[in-house]
Amino acid sequence: VQLQASGGGSVQAGGSLRLSCAASGSILRIDDMAWYRQAPGNQRELVASITSGGSTNYADSAKGRFAISRDNAKHTVYLQMNSLKPEDTAVYYCSAETLGSFGGTVVAARDWGQGTLVTVSS
């Protein structure tokens with residue numbers, strides 16, 4: 001299963017961006033989907049996650065400003081980011097717990113997208 005993230009860019013503080021991440025391949029099922037981010041010199045951290053049923057979880061830094069959602073029919077997860085701050089600057093990665101079929105073999109994995117850069121200027 002492949003994940004393709006898009007939507008990053010440069011914005012001024014207070015602005016908004018919407019990230020998208022679409023899964024493709026021989027998908028049997030996608031369970032939890034999530035967004036992580038990694039700023040220079042920092043470890044990768046969870047920003048938000050969402051179950052297949054729509055239950056969400058947010059890092060404290062994202063609560064009230066970010067919203068995660070998904071379209072199960074399109075195998076896509078979104079991250080709406082509002083009131084962006086310079087400290088939100090990072091590479092954002094999508095991730096998904098997937099069940100895929102490869103040549104008749106069922107494989108469970110946690111897959112990662114390639115990352116999309118978000119830069120917030122003050």
Side-chain angles (χ1 to χ4, degrees):
V1 178
Q2 297 80 42
L3 299 180
Q4 181 69 44
S6 61
S10 297
V11 296
Q12 290 190 327
S16 298
L17 282 174
R18 188 190 194 211
L19 307 182
S20 300
C21 177
S24 62
S26 298
I27 300 168
L28 298 178
R29 190 178 76 233
I30 300 179
D31 295 321
D32 287 7
M33 304 185 83
W35 287 96
Y36 288 75
R37 68 186 182 186
Q38 186 167 18
N42 290 356
Q43 291 186 337
R44 190 172 298 188
E45 62 178 4
L46 176 68
V47 177
S49 64
I50 184 168
T51 68
S52 58
S55 296
T56 59
N57 179 58
Y58 294 93
D60 287 344
S61 59
K63 288 178 181 177
R65 299 187 301 127
F66 294 1
I68 189 170
S69 60
R70 64 190 284 173
D71 184 329
N72 289 330
K74 296 181 179 179
H75 301 312
T76 300
V77 63
Y78 306 95
L79 185 68
Q80 177 66 44
M81 303 186 293
N82 300 323
S83 302
L84 283 161
K85 304 175 182 179
E87 50 264 43
D88 294 318
T89 295
V91 177
Y92 284 70
Y93 298 90
C94 58
S95 177
E97 295 180 346
T98 67
L99 199 65
S101 176
F102 300 92
T105 301
V106 176
V107 177
R110 171 165 283 280
D111 295 301
W112 293 87
Q114 83 285 10
T116 185
L117 177 62
V118 172
T119 303
V120 184
S121 58
S122 57

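Values below: every heavy atom of this structure, side chains too, minus hydrogens, waters and symmetry copies.
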S.K.: Around R110, counting heavy atoms of other residues, nucleotides and ligands shown, do more than 12 lie under 6.0 Å from its CZ?
M.R.: yes

S.K.: Decide, yes or no, whether a salt bridge links K85 with D88 under the criterion of side-chain N to carboxylate O below 4.0 Å.
M.R.: no

S.K.: Where is the tightest heavy-atom contact between A48 and L79, given as atom of each residue plus distance?
M.R.: CB-CD1, 4.3 Å

S.K.: Going from CZ on R37 to OG on S61, what distance comes out if it is rounded to the nearest 0.5 angstrom?
M.R.: 4.0 Å

S.K.: Got a second to check how far Y78's OH is from C94's SG, nearest 0.5 Å?
M.R.: 12.0 Å

S.K.: Taking ring pair (Phe, Tyr, Trp, His ring centres under 6.0 Å) as the test, write out the residues that go with Y58, two or more places apart.
M.R.: none

S.K.: Nearest 0.5 Å please: distance from the NZ atom of K63 over to the CG atom of N57.
M.R.: 7.0 Å

S.K.: If you define the side chain from C-beta out and look only at heavy atoms, does anything of N72 sit under 4.5 Å from I30?
M.R.: no

S.K.: S122 and P86: which non-hydrogen atoms are nearest, and at how many Å?
M.R.: CB-CG, 3.9 Å

S.K.: Apply side-chain contact (heavy atoms from CB on, under 4.5 Å) to the pair L99 and V106, showing each step before the final yes or no.
M.R.: CA-CA 7 Å; L99 199 65; V106 176; 3.7 Å; yes

S.K.: Are L28 and S101 packed together at the side-chain level, in the sense that at least one heavy-atom pair is separated by less than 4.5 angstrom?
M.R.: yes

S.K.: To the nearest 0.5 angstrom, please state how far the CD1 atom of I50 sits from the CD1 atom of I68.
M.R.: 5.5 Å

S.K.: Could you pull out every donor-acceptor pair under 3.5 Å between side chains of residues 3-23 and any protein atom, sequence neighbours left out?
M.R.:
from, atom 1, to, atom 2, distance (Å)
S16, OG, N82, OD1, 2.9

S.K.: Quick one: CG on L46 to CH2 on W35, what's the gap to the nearest 0.5 Å?
M.R.: 12.5 Å

S.K.: Within a strict 4.5 Å, meaning less than it, do heavy atoms of the H75 and S24 side chains meet?
M.R.: no

S.K.: Following the transitive rule for hydrophobic clusters with a side-chain heavy-atom cut-off under 4.5 Å over Ile, Leu, Val, Met, Phe, Trp and Tyr, establish whether V47 and L84 coincide in one cluster.
M.R.: yes

S.K.: With ring-ring contact (aromatic ring centres under 6.0 Å, His included) as the rule and sequence neighbours excluded, what pairs involving residues 4-31 come up?
M.R.: none

S.K.: Would you compute the distance between atom OG1 of T56 and atom CE of M33 and round it to the nearest 0.5 angstrom?
M.R.: 14.5 Å

S.K.: If Ile, Leu, Val, Met, Phe, Trp and Tyr residues are connected whenever their side-chain heavy atoms lie under 4.5 Å apart, and connections chain through other members, are Y36 and V1 in the same group?
M.R.: no

